[in-house]
Amino acid sequence: MADLALAGLRWAASPIVNELLTKASAYLSVDMVREIQRLEATVLPQFELVIQAAQKSPHRGILEAWLRRLKEAYYDAEDLLDEHEYNVLEGKAKSEKSLLLGEHGSSSTATTVMKPFHAAMSRARNLLPQNRRLISKMNELKAILTEAQQLRDLLGLPHGNTVEWPAAAPTSVPTTTSLPTSKVFGRDRDRDRIVDFLLGKTTTAEASSAKYSGLAIVGLGGMGKSTLAQYVYNDKRIEECFDIRMWVCISRKLDVHRHTREIIESAKKGECPRVDNLDTLQCKLRDILQESQKFLLVLDDVWFEKSHNETEWELFLAPLVSKQSGSKVLVTSRSKTLPAAICCEQEHVIHLKNMDDTEFLALFKHHAFSGAEIKDQVLRTKLEDTAVEIAKRLGQCPLAAKVLGSRLCRKKDIAEWKAALKIGDLSDPFTSLLWSYEKLDPRLQRCFLYCSLFPKGHRYESNELVHLWVAEGFVGSCNLSRRTLEEVGMDYFNDMVSVSFFQLVFHIYCDSYYVMHDILHDFAESLSREDCFRLEDDNVTEIPCTVRHLSIHVHSMQKHKQIICKLHHLRTIICIDPLMDGPSDIFDGMLRNQRKLRVLSLSFYNSKNLPESIGELKHLRYLNLIRTLVSELPRSLCTLYHLQLLWLNHMVENLPDKLCNLRKLRHLGAYVNDFAIEKPICQILNIGKLTSLQHIYVFSVQKKQGYELRQLKDLNELGGSLKVKNLENVIGKDEAVESKLYLKSRLKELALEWSSENGMDAMDILEGLRPPPQLSKLTIEGYRSDTYPGWLLERSYFENLESFQLSNCSLLEGLPPDTELLRNCSRLRINFVPNLKELSNLPAGLTDLSIGWCPLLMFITNNELGQHDLRENIIMKAADLASKLALMWEVDSGKEVRRVLFEDYVSLIRLMTLMMDDDISKHLQIIGSVLVPEEREDKENIIKAWLFCHEQRIRFIYGRAMEMPLVLPSGLCELSLSSCSITDEALAICLGGLTSLRTLQLKYNMALTTLPSEKVFEHLTKLDRLVVSGCLCLKSLGGLRAAPSLSCFNCWDCPSLELARGAELMPLNLASNLSILGCILAADSFINGLPHLKHLSIDVCRCSPSLSIGHLTSLESLCLNGLPDLCFVEGLSSLHLKRLSLVDVANLTAKCISPFRVQESLTVSSSVLLNHMLMAEGFTAPPNLTLLDCKEPSVSFEEPANLSSVKHLHFSCCETESLPRNLKSVSSLESLSIERCPNIASLPDLPSSLQRITILNCPVLMKNCQEPDGESWPKISHVRWKSFPPKSIWLP
């Protein structure tokens, strides 16, 4: 086994060099190709033996020097080859014709040596001026390889002996879901001991100071300190005791600024805005913790020596104060020497001891025997015996057990396991890590070492890491299949996960995040120090000149300009944290010297322009501008012919014309908030030339040349999701067929959309748009035909279609007739299909069903059809509904009522066509007037017209000739019924068998008068969320109180609903959210019940002058919006609210507001009300303050209102013409947001503390804030983050 120095160089003599030779062969003479092929065939296979022999030889230094020369020559040859390929691509872009080198010369991923041309062509190649440098470098490489034969003789190795290199990453690696569980072995006693201390009684000293006490877990690296701390941190007893828990990884060097920000992010479970002022950060942390009863802070991997600075730690921990005594700081460290500021007595230092032998063996076997079961019992017994021997030699190191066990798990072969026993000192974690590392394929070794670029504790996202590996050229192509480099790279990553080099920490939406253990990180760093460097300290004066990959973790590159400019071989710059440098500093000052850059990931600089000099980075493959303010791209970008990945931020609206010249582009996208939301980019002229492109968010068909549907023809690498819009612009079926969608086998999701009724026959077009059979999701929108295309009638066309959606398909009358077509479908969406008359052929495995605006769907039971009295009773109650609608109309001048009537109007039009006469037509016209402001009828006429049509609808539903029950698959989890009719009994019967139902939405159902009985709800044991909206005739919640698991209930626009003592009608355990909108409340609606409710929202309702909410003792958030009758809220002062919103509650009295306190966020619509609160004795403004929907022409903050605690100020949808003139007095303000305030034209003076400003949909103000001539620009020029997003930022 090689030592660390040799291991770090080992990949240079691996088959990776073979790939370089293969690529270069396209430019070399036949003779040179043959000679290099001979050398790599005879020399490279022996290098494993050479390295092993040199380990124990006095000639080891010669081998190290030789490997370094080989690596340098490899890099240089690769760069020269890159330049040649750039010239070929440039020539092709300029002339669109092949050069002398031939068409094949443009490919850098050739997988076989080109068949030799005749001798004349071979000689001609060598005479080309641009090839001479490459030929010279390849001769040098050949000479170095030749020396290897002498080195082999020097070491006394016989000729012909070879050792196999580790196999490449398998084409199919178990996914992370099959990995061993994060089970903890042998630490229950330690966990309980620590938990007992953390929950123990507080000392007198602690009680008097209201501070914290410390506890430390001390042990050698890899002993499981962090695992034990996690075990404690996630213990239910700890979760219940501490209302704020925070976890921060320190790792080596304390950075007071960065680690304070990370504590805030952990406490708030979200990103902390970038703040440069440490005092501001620490005040923010203190404010958060002062609102907590008790907190637990875990500081993982603390490194402290007596020589270190105690003052830094005192400063770092100064903000740690809570309301009550008993807060704790839990530390893990390799040293028992700890900063005094942690307040950890010696008796509170737990020295982690070795695990019990039995438990340690169980840990090792848990990893070594995971995966497929060993059916051969003889082999199993032998491996069990060997496992006992290996475990004894691992020195009780859990990390070594995990890594070595995970590696052995992949090859359950007795010879392999016996070989592990021959490794040196397995008790040293580095020994087992080195053994596992050497078992990796050389390509994976390079990928692993590259990860040392990121700081300890970094959360790795697999896709992002794979894109970097591909751009660096670390990922080898797979010759045996059509798999992409990214798929191969993901195999690499999964391979490293499977051997525990990475650990899964959590999922967010569809993304998984991983971490690397600190010892593994140290290991990677020790092997890669010649190539990779992290610039983390402003005191750094030198970086090794051999470094090729650099990550930046400082505020400014400008301070390190001199040493960065000396790195002439630099290939990578990744900004981990935001830079304060401008683009001219970065590009003109430094990057012009870094002509070999392949990866450039920038983070926030203060300009919207990307300099033209970007075009000088000819080797660039990866350009990430997401975390910048760049909105304008230079034309020179189109000369980066090697570019594979271009990620933009949401502010880029136009792309350069010749972007189609970037033939190697594989990934192009615009994102908001670090990949959280993808934004469509403008259409690319002649996008069809980008045949390597793997993703297009939206393709909008145009009739202009270069934008036609046929541009998709050769884009067969497209994967993920694709939306094709404006299909009415397709000129005929031939063009649709020419797009060859069926060949795009990597696509998983496809949406086909017509935006208007113009254009060719939709059925012909859709027939030509035959999708790939491998689709998992298909959406058809705007389709204008009553017939499905042939491929939707083929019962076995789709292999695994999981989701099917029809939207705005006005002529279709049913689903595709063959149930086999949708046999694998679990999700079905049908929206705006007005002719849909029945819901048959539903897939048996359906779990998610949504039906909306299908008015001809009328679900009713046979029993109800015969009840004429029931029908007349519903109609008779219409008069009562009229008065309630009129009452609700007065709240907001009919805005909400008109919105609901419009939603129903769309359904009524279709339904009434079946019974149309002049009288109905006249009433529909009156209802339709709600859409045209200048033609609006008065409320009485509109309500009367709607009631007339509604009565006709009820008679039509109950006058049907036969029943139509709604029969749904029993496994349904999500159900949404909107703007279709279902009667009370039909709903009850439908829900009766849906025991898996989690979410139920009932919207704009005018036939519904009551929810089902308690008996029905008792069986809905998994129902978690219920939405009832726009059901104007609903009078009763039925047996809702019996729903055992309901946590969220939205009741919107149900004015007929009886809500007297309404809380008693709802489940007692309703805990998460209750939202009531457009209803009529009574004074006692919240008198009893709902003791666990955390969030209550009441919007646009009629109510009594007083509401009592004092019984809602768990309430954390309260929103009162649009309540003209409300004068007093009883019990408000007794609540400990975190968030409060008081918008358009003009009659709310000062008596109600004065004693009130709010911790985190306050939203109001009146500056008068706000000032009254600010001036109240003892009132402290919360950190987040919002003025929403303010109608006042001007707003001001009265002096001497104390606003020093306000950190984030937001103005939204206000009619005010100016901001407060004394805004500068908000001395701690960090962010200011102004959205949809069209009358605001300029800014007042702003506080110097301001770090971020966002202006959205304020056209005049945005113009006045533009650099450099805008009137308000001088007032925001000092602000580091400026965002002026376009209106369409959130639109798909």
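What you are looking at is a predicted structure, and each value in this text was computed from that prediction instead of being measured.
The local environment of NE2 in His1095 is crowded, with over 12 non-hydrogen atoms from other residues, nucleotides or ligands closer than 6.0 Å. Counting non-hydrogen atoms of other residues, nucleotides and ligands closer than 6.0 Å to NZ of Lys1022 gives a total of 12 or fewer.
Looking at every heavy atom in both residues, Pro1124 comes nearest to Cys1101 through CD-O, 3.9 Å. The minimum heavy-atom distance linking Leu1203 with Ala1181 is given by the pair CD2-CB, 4.3 Å. The shortest heavy-atom contact between Ser1161 and Pro1182 is N-CB, 3.7 Å. Residues Leu881 and Pro1055 approach most closely at CD1-CG, 4.4 Å, considering heavy atoms. Taking every heavy atom of both residues into account, Leu968 and Cys990 meet most closely at CD1-SG, 3.5 Å. Annotation for Glu1192 and Ser1166: closest pair OE2-OG, 3.1 Å, computed over non-hydrogen atoms.
Considering only heavy atoms from C-beta on, Asp984 comes within 4.5 Å of Leu1008 through its side chain. No side-chain heavy atom of Val1143 sits less than 4.5 Å from a side-chain heavy atom of Leu1120. Side-chain contact between Leu296 and Lys328: present, with at least one pair of heavy atoms (C-beta onward) separated by less than 4.5 Å. In this structure, Trp889 and Arg898 have side chains that are in contact, with non-hydrogen atoms separated by less than 4.5 Å. Within the 4.5 Å cutoff, no side-chain heavy atoms of Leu1034 are placed close to those of Leu1002. Side-chain contact between Trp946 and Val897 is absent, with no heavy-atom pair separated by less than 4.5 Å. Looking at Asp287 and Pro1183, their side chains never come closer than 4.5 Å, going by heavy atoms from C-beta outward. Two residues are said to be in side-chain contact when any heavy atoms from C-beta on lie closer than 4.5 Å; Leu1090 and Leu1115 fail this criterion.
Side-chain contact of Gln1001 with Thr999: a donor-acceptor pair under 3.5 Å is absent, judged by distance alone.
How far CG of Leu885 is from CD1 of Ile942: 11.5 Å, rounded to the nearest 0.5 Å. Atom CG of residue Leu1107 and atom CG of residue Asp1084 lie 10.0 Å apart, to the nearest 0.5 angstrom. Atoms CG and OG, from Leu972 and Ser996 in turn, are 8.5 Å apart once rounded to the nearest 0.5 Å. The distance from the CE atom of Met1066 to the CG atom of Leu1074 is 5.0 Å, given to the nearest 0.5 Å. Atom NE2 of His1210 sits about 7.5 Å away from atom CG of Leu1188, to the nearest 0.5 Å. Expressed to the nearest 0.5 Å, how far CG of Asn1088 lies from CG of Leu1112 amounts to 10.0 Å.
A salt bridge links Arg1102 with Asp1125: the distance from a Lys NZ or Arg NE/NH1/NH2 to an Asp or Glu carboxylate oxygen falls below 4.0 Å. The residues Glu896 and Arg899 are annotated as salt-bridged, a charged nitrogen and a carboxylate oxygen being separated by less than 4.0 angstrom. Electrostatic pairing of Asp192 and Arg237 counts as a salt bridge here, judged by a charged N lying under 4.0 Å from a carboxylate O.
Residues meeting the side-chain hydrogen bond (donor to acceptor under 3.5 Å, both in side chains) test with Gln293, sequence neighbours left out: Gln324. A search for ring pair (Phe, Tyr, Trp, His ring centres under 6.0 Å) contacts involving Phe1049 returns nothing, not counting sequence neighbours.
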- Message: Between Ser213 and Phe197, is the side chain to side chain contact (heavy atoms under 4.5 Å, CB included) condition met? List the steps.
- Response: CA-CA 10 Å; Ser213 56; Phe197 169 79; 4.1 Å; yes

- Task: Evaluate side-chain hydrogen bond (donor to acceptor under 3.5 Å, both in side chains) for Asp1099 paired with Ser1097, printing each intermediate quantity in order.
- Result: CA-CA 6 Å; Asp1099 299 84; Ser1097 177; 2.6 Å; yes

- Message: Before you tell me yes or no, could you show the steps for His1208 and Ser1231 under side-chain hydrogen bond (donor to acceptor under 3.5 Å, both in side chains), namely the whole-Å CA-CA distance, both residues' side-chain angles and the distance that decides it to 0.1 Å?
- Response: CA-CA 5 Å; His1208 311 285; Ser1231 68; 2.7 Å; yes

- Going through the distances and angles, do Leu198 and Cys241 end up as a side chain to side chain contact (heavy atoms under 4.5 Å, CB included)? CA-CA 9 Å; Leu198 296 177; Cys241 178; over 6 Å; no

- Task: Please step through side-chain hydrogen bond (donor to acceptor under 3.5 Å, both in side chains) for the pair Ser976 and Glu974, ending with a clear verdict.
- Result: CA-CA 7 Å; Ser976 176; Glu974 318 276 336; over 6 Å; no

- Message: Run the side chain to side chain contact (heavy atoms under 4.5 Å, CB included) test on Phe1128 and Asn1147 for me, step by step, so that the C-alpha distance in whole Å, both residues' side-chain angles and the decisive distance to 0.1 Å come before the verdict.
- Response: CA-CA 8 Å; Phe1128 189 75; Asn1147 293 318; over 6 Å; no

- Task: Apply side chain to side chain contact (heavy atoms under 4.5 Å, CB included) to the pair Met246 and Leu289, showing each step before the final yes or no.
- Result: CA-CA 11 Å; Met246 301 158 287; Leu289 297 182; 3.8 Å; yes

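Under the 3.5 Å distance criterion, the side-chain polar atoms of Tyr233 are matched with a main-chain donor or acceptor of Arg245. Ser266 places a side-chain N or O within 3.5 Å of a backbone atom of Trp247 that can act as its donor or acceptor partner. Although no hydrogens or angles enter the test, the distance criterion places no donor-acceptor pair under 3.5 Å between the side chain of Glu1198 and the main chain of Met1175. Looking only at distances, a side-chain donor or acceptor of Glu864 sits under 3.5 Å from a matching main-chain atom of Glu985. Counting only distance, with no hydrogens or angles, the side chain of His1092 and the backbone of Asn1069 share no donor-acceptor pair below 3.5 Å. Asp1024 places no side-chain N or O within 3.5 Å of a backbone atom of Arg998 that could act as its donor or acceptor partner. Without hydrogens or angle criteria, Ser1228 side chain to Ser1205 main chain gives no donor-acceptor distance under 3.5 Å. Between the side chain of Asn1005 and the backbone N or O of Ser978 there is no donor-acceptor pair closer than 3.5 Å. Remark: the backbone N or O of Ala1071 is not paired with any side-chain donor or acceptor of Ser1047 at under 3.5 angstrom. A donor-acceptor pair under 3.5 Å links the side-chain atoms of Asn1184 to the main chain of Glu1160, judged by distance alone.
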